[in-house]
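Right, one structure below, let's go through it.
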Amino acid sequence: MKEVSERKSLNNGVVVKTDPIGVDKLCMSDGETDSLYKASSSKFQALDSENFSSDSSSGSIPSKKHQMVPTESVPPVKDFTPRGLINAGNLCFLNATLQALLSCSPFVQLLQGIQLQNVPKAESPTLAAFSEFISELDVPSSSSIRNNVTVVEAGRSFTPAMFEGVLRKFTPDVLNNMSGRPRQEDAQEFLSFIMDQMHDELLKLREQSPKITALKSSVVSLPNEDDEWETVGPKNKSAVTRTQSFVPSELSDIFGGQLKSVVKAQGSKASATVQPYLLLHLDIHPEGVLRIEDALLLFSAQEDLEGYKASVTGKAGVVSASKSIKIQKLSKIMILHLMRFSYGSQGSTKLHKRVKFPLELNLSRSLLVSPSNESLKYELVATITHHGGDPSKGHYTTDARRKNGQWLRFDDASVTPIGTKQVLHDQAYVLFYKQV
């Protein structure tokens with residue numbers, strides 16, 4: 001996608017002052033505070049596939065001196081002084097993604113742990129880039145209120161040049177990755193890419209065997225050689241369940257959950273598949289989807305499968321079948337991707353549909369496989385928005401919530417305080433919710 005504009009979302013009433021050491025004070029009155037890598041390729045969500053292969057983290061295993069320090073040894077996460085990121089040309093997809101991830105406190109705590117390590121750049125380029133990135137951020141300065149004006153300190157903007165190698169791997173056909181890029185990229189695709197990369201690199205650092213399976217089920221009979229077994233679910237209904245081998249990492253502990261897909265076919269036992277996810281991809285095209293809650297209910301709704309072939313009485317044939325997907329394990333940070341972009345033989349299009357989302361998201365118990373003690377309440381911490389007429393052009397910005405509850409809009413180098421009314425627009429592309 002080509003970026004045709006680099007618009008700055010500045011608010012009326014915001015005063016920007018620059019001090020001698022380059023710290024900008026952004027003031028807002030109290031009254032205002034009211035492509036090459038597609039998401040479907042991610043190893044964390046492929047429920048529409050009938051192939052169940054083990055996740056592999058092949059590669060040389062580093063020495064023990066590169067093992068990750070447990071998160072518990074890292075001091076409590078601190079809020080960073082907000083800093084804008086310079087866009088040298090079609091890099092707003094990178095800048096918006098980084099700013100959104102910084103709003104996820106468990107992720108920042110993970111980065112602080114990585115920062116304590118001697119991360120080998122050749123073996124772990126993504127972790128090394130994030131380690132250098134977080135080192136660039138300043139010690140936080142708290143907000144203050146003077147004469148009914150909220151003062152927010154923001155440090156100098158900088159270029160995230162440490163991600164050049166990551167971008168080269170993301171788009172190997174692009175020669176110049178940090179300046180004058182010939183096209184725009186999809187922020188959601190880039191987010192999926194770097195999360196997959198970090199997951200694999202963390203496993204290598206931790207020297208963990210890929211044979212370990214983290215996904216568990218209520219097994220009532222031992223699994224056979226095909227890694228499938230019969231499980232008993234709600235109302236004592238049984239199903240043949242397959243679980244994809246998956247090794248958890250410190251990253252999947254934050255963003256990862258589990259989905260259970262159940263296929264019911266005429267004349268056969270129900271077949272269930274349990275797989276991990278890092279993002280939930282939500283269809284917002286149907287007319288009935290007006291809120292993010294509607295999209296989640298549609299995600300878990302039963303759908304009919306056309307042309308489904310199954311073995312019935314020894315003969316293969318097309319039978320009536322249905323499929324449903326529910327959440328088996330919730331994630332600490334839930335990332336919701338609103339599928340606004342469509343790609344086909346006729347080119348790409350963008351859906352400019354209004355979809356409302358709340359600051360507090362209370363998940364319906366109907367989304368879950370079974371009753372759970374996990375909290376169903378989530379709070380919004382960041383949004384990524386694509387501005388523009390279609391996927392082939394446009395611009396990305398991020399709205400992110402600070403620890404003190406204040407919202408900031410990151411538009412490349414521009415950092416602007418905004419109120420919740422501006423946060424709750426209806427054109428978001430990616431939403432980040434934190435479990436509370």
Side-chain angles (χ1 to χ4, degrees), residues 35 37-53 186 188-189 192 215 217 226-235 237-244 257-328 336-353 355 364 366-370 391:
S35 182
Y37 188 92
K38 300 297 180 184
S40 59
S41 67
S42 172
K43 67 175 68 65
F44 292 92
Q45 187 175 352
L47 283 173
D48 51 356
S49 171
E50 292 301 322
N51 297 318
F52 310 97
S53 58
D186 189 323
Q188 181 274 140
E189 291 177 12
S192 296
L215 304 182
S217 182
D226 293 328
D227 195 28
E228 63 180 43
W229 55 87
E230 188 170 352
T231 62
V232 176
K235 300 180 181 179
K237 292 184 177 180
S238 65
V240 176
T241 300
R242 294 175 177 176
T243 300
Q244 178 183 357
Q258 296 173 18
L259 297 176
K260 186 174 184 178
S261 171
V262 178
V263 175
K264 297 178 181 179
Q266 182 181 2
S268 303
K269 278 190 175 181
S271 174
T273 304
V274 177
Q275 287 189 312
Y277 72 87
L278 286 180
L279 296 84
L280 294 181
H281 305 281
L282 304 181
D283 183 8
I284 62 172
H285 286 71
E287 292 183 3
V289 177
L290 302 176
R291 308 172 305 150
I292 199 66
E293 293 90 341
D294 301 330
L296 284 167
L297 290 176
L298 178 64
F299 178 82
S300 64
Q302 181 174 298
E303 61 174 321
D304 293 331
L305 301 177
E306 296 182 2
Y308 186 85
K309 293 184 179 181
S311 178
V312 181
T313 64
K315 296 182 180 181
V318 177
V319 298
S320 60
S322 63
K323 175 182 176 181
S324 62
I325 300 174
K326 292 187 181 296
I327 300 174
Q328 179 156 300
L336 304 178
H337 166 221
L338 284 67
M339 299 170 65
R340 293 190 177 275
F341 300 158
S342 298
Y343 302 91
S345 58
Q346 303 300 319
S348 58
T349 58
K350 178 184 176 180
L351 181 65
H352 296 270
K353 182 177 182 179
V355 179
S364 169
S366 64
L367 299 174
L368 305 183
V369 171
S370 58

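Computed from a predicted structure; not experimentally measured.
Of all the heavy atoms in Tyr277 and Gln258, the pair that sits closest is CE2-N, 3.3 Å. Summarising the geometry of Ile284 relative to Arg340, their closest heavy-atom pair is CD1-CG, 3.7 Å, with the distance given to 0.1 Å. Closest heavy-atom contact between Lys323 and Ser261: CE-OG, 3.2 Å. Across every non-hydrogen atom of Val274 and Gln328, the tightest pair is CG1-NE2, 3.9 Å.
At least one side-chain heavy atom of Tyr343 sits less than 4.5 Å from a side-chain heavy atom of Asp186. Ile327 is listed as a side-chain neighbour of Leu259, based on a closest heavy-atom distance under 4.5 Å.
Distance check: Leu351 CG to Ser342 OG gives 7.0 Å after rounding to the nearest 0.5 Å. Distance check: Ser324 OG to Lys264 NZ gives 6.0 Å after rounding to the nearest 0.5 Å. Once rounded to the nearest 0.5 Å, the distance linking CG of Leu282 with CE of Met339 reads 8.5 Å. Taken to the nearest 0.5 Å, the CG atom of Leu338 stands 11.5 Å off from the NE2 atom of His281. Taking NE2 of His337 as the start and CD of Glu189 as the end, the distance is 8.0 Å to the nearest 0.5 Å.
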Distance-only criterion, 3.5 Å: show the donor-acceptor pairs between side-chain atoms of residues 297-307 and protein atoms not counting sequence neighbours.
unit_1	atom_1	unit_2	atom_2	d
Ser300	OG	Leu297	O	3.2

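Results of the side chain to side chain contact (heavy atoms under 4.5 Å, CB included) test with Asp294 over Leu290, Leu296, Ile292 single out Leu290 as the only residue that passes.
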